[in-house]
> 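Below: one structure in structure tokens.
Just follow the structure's listing: the first ligand is 1, and inside any ligand the first atom is 1.
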Amino acid sequence: ALISMRQMLDHAAEHGYGVPAFNVNNLEQMRAIMEAADETDSPVIVQASAGARKYAGAPFLRHLILAAVEEFPHIPVVMHQDHGTSPAVCQRSIQLGFSSVMMDGSLGEDGKTPASYEYNVDVTRRTVEMAHACGVSVEGELGCLGSLETGMAGEEDGIGAEGKLDMEQLLTDPEEAADFVKATGVDALAIAIGTSHGAYKFTRPPTGDTLSIQRIKEIHERIPETHLVMHGSSSVPQEWLAVINEFGGAIPETYGVPVEEIVEGIRHGVRKVNVDTDLRLASTGAVRRFMAENPAEFDPRKFLKASTAAMKEICKARYEAFGTAGNA
Ligand code: G3H
Ligand code: 13P
Ligand code: NA
Ligand code: ZN
């Protein structure tokens, strides 16, 4: 059944687990997520980005998620809009039937330029007012995703700040977080702790200086009732980078957020963990390998099946590691 994010994350907080929020753009991702959830008895958050809406079209995405709910009626599903850039964008998703929206007011309407604290409070508070009137949950964001190594935002085009950020934007301030939650009434808060979107998060495995789990603890201590959200939480599996590069790819050395660091975050109030890149890497690796090993194949269902299986393994591993399994 379709449920609100608030309902799901309240249960997660009560029982001390986290829920991966996977981005969805196509049928194969949707099937991988649902089959993994079915096999591990996990609740599901699927999220649609602006890029996904552009790729698949909002109605197709919506019906893909509704089809999942129909096929797996015993699994609770949150249909979440990722990184909304204005209250109007969020309103449109609410009209379409999303049960949760993210109003990312850390950036302006272009989704790139860091915005003022006052702007963020204003757009987020307005979105909460509108969404809560419809029984829809709201995720806000305070601080900007970006590298503590370089001060740069993620490399991904599309969503996220562009260029160099101020150091104080890169780590969410606990006092400001408390004020923000009080002023806006958000159901969940995305925080900045050194992660960024995409595959190029860290040039070497992260340490406490480049990935601040410590900051999660400080924020959680200040606002223990608030559900925290980690964006840019792909782990960038080295084994999938190796497969991609073995079969014709060219991805330079790079590191993601280790699963055990996320698990530590979950011990300190992280309830929603956004993962997109890992499924992209697994899908690409599986398709490259299948194509190389089966040069005479031309039925797309064959290589897309390999893609689905690879993504499903990632989903199952995250459901198990985050403690989501067994909670559907
Ligand atoms: O928020 C970032 C997600 O990875 C979505 O990326 O805008 O390319 O769909 P996208
Ligand atoms: P990744 O790029 O690390 O998968 O993060 C996705 C995300 O935060 C979507 O909002
Ligand atoms: Na989101
Ligand atoms: Zn994000």
> Taking only Lys NZ, Arg NE, NH1 and NH2, and the carboxylate oxygens of Asp or Glu, determine whether D278 and R318 approach each other closer than 4.0 Å.
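Yes, this pair counts.
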> Of all N, O or S atoms in H80, identify the one at the shortest distance from the Na ion (ligand 3).
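Of all N, O or S atoms belonging to H80, NE2 is the one nearest the Na ion (ligand 3).
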> Measure from the Zn ion (ligand 4) to every N/O/S atom of H231 and report the name of the nearest one.
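Answer by atom name: ND1.
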> Mind checking what makes salt bridge (Lys or Arg N to Asp or Glu O under 4.0 Å) contact with E218, not counting sequence neighbours?
R215
> Determine whether the aromatic ring centres of H83 and H197 lie less than 6.0 Å apart.
yes
> Are the side chain of N120 and the backbone of E141 linked by a donor-acceptor contact shorter than 3.5 Å?
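A pair under 3.5 Å: yes.
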> For ligand 1, which part of H231 has a heavy atom less than 4.0 Å away: the side chain, the backbone, both, or neither?
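No part of H231 is near ligand 1 at this cut-off.
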> Is ligand 1 under 4.0 Å from a heavy atom in the side chain of N23, in the backbone, in both, or in neither?
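It is the side chain that touches ligand 1; the backbone stays farther off.
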> If the cut-off is 4.0 Å to any non-hydrogen atom of S49, which atoms of ligand 1 fall inside it?
5 (C), 7 (O), 9 (O), 10 (P)
> Is it true that some N/O/S atom of H231, main chain or side chain, lies under 3.0 Å from the Na ion (ligand 3)?
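No N, O or S atom of H231 is closer than 3.0 Å to the Na ion (ligand 3), so no.
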> Within less than 3.0 Å of the Na ion (ligand 3), any N, O or S from D104?
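Of the N, O and S atoms in D104, none lies under 3.0 Å from the Na ion (ligand 3), which means no.
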> Taking 4.0 Å as the limit for heavy-atom contacts, which would you say applies to R280 with ligand 1: side chain only, backbone only, both, or neither?
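The part of R280 near ligand 1 is the side chain, not the backbone.
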> Partners of E176 by side chain to side chain contact (heavy atoms under 4.5 Å, CB included), sequence neighbours excluded?
Y117, L142, D173
> Check E264 with K217, please: is the shortest side-chain N to carboxylate O separation under 4.0 Å?
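Salt bridge present between K217 and E264.
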> Should you measure from each heavy atom of H83, which atoms of ligand 1 turn up under 4.0 Å away?
1 (O)
> Quiz question: by atom type and distance under 3.5 Å, do the side chains of T113 and D110 form a donor-acceptor pair?
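Checked: T113/D110 side chains pair up, N/O donor to acceptor below 3.5 Å.
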> On a heavy-atom basis, I'd like to know which of D276, L145, V24, N25 is closest to atom 5 (C) of ligand 1.
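Of the listed residues, D276 has the closest heavy atom.
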> Between the side chain of Q238 and the main-chain N/O of T254, is any donor-acceptor distance below 3.5 Å?
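Present.
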> Could you please compute the angle at the Zn ion (ligand 4) from NE2 of H83 to NE2 of H197, rounded to 10°?
100°
> Which bit of D82 is near ligand 1, meaning a heavy atom under 4.0 Å away: side chain, backbone, both or neither?
side chain
> Do P258 and P206 have side-chain heavy atoms sitting under 4.5 Å apart?
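Yes, side chains in contact.
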> With the Na ion (ligand 3) as the reference point, give the N/O/S atom of D82 that is nearest.
OD1
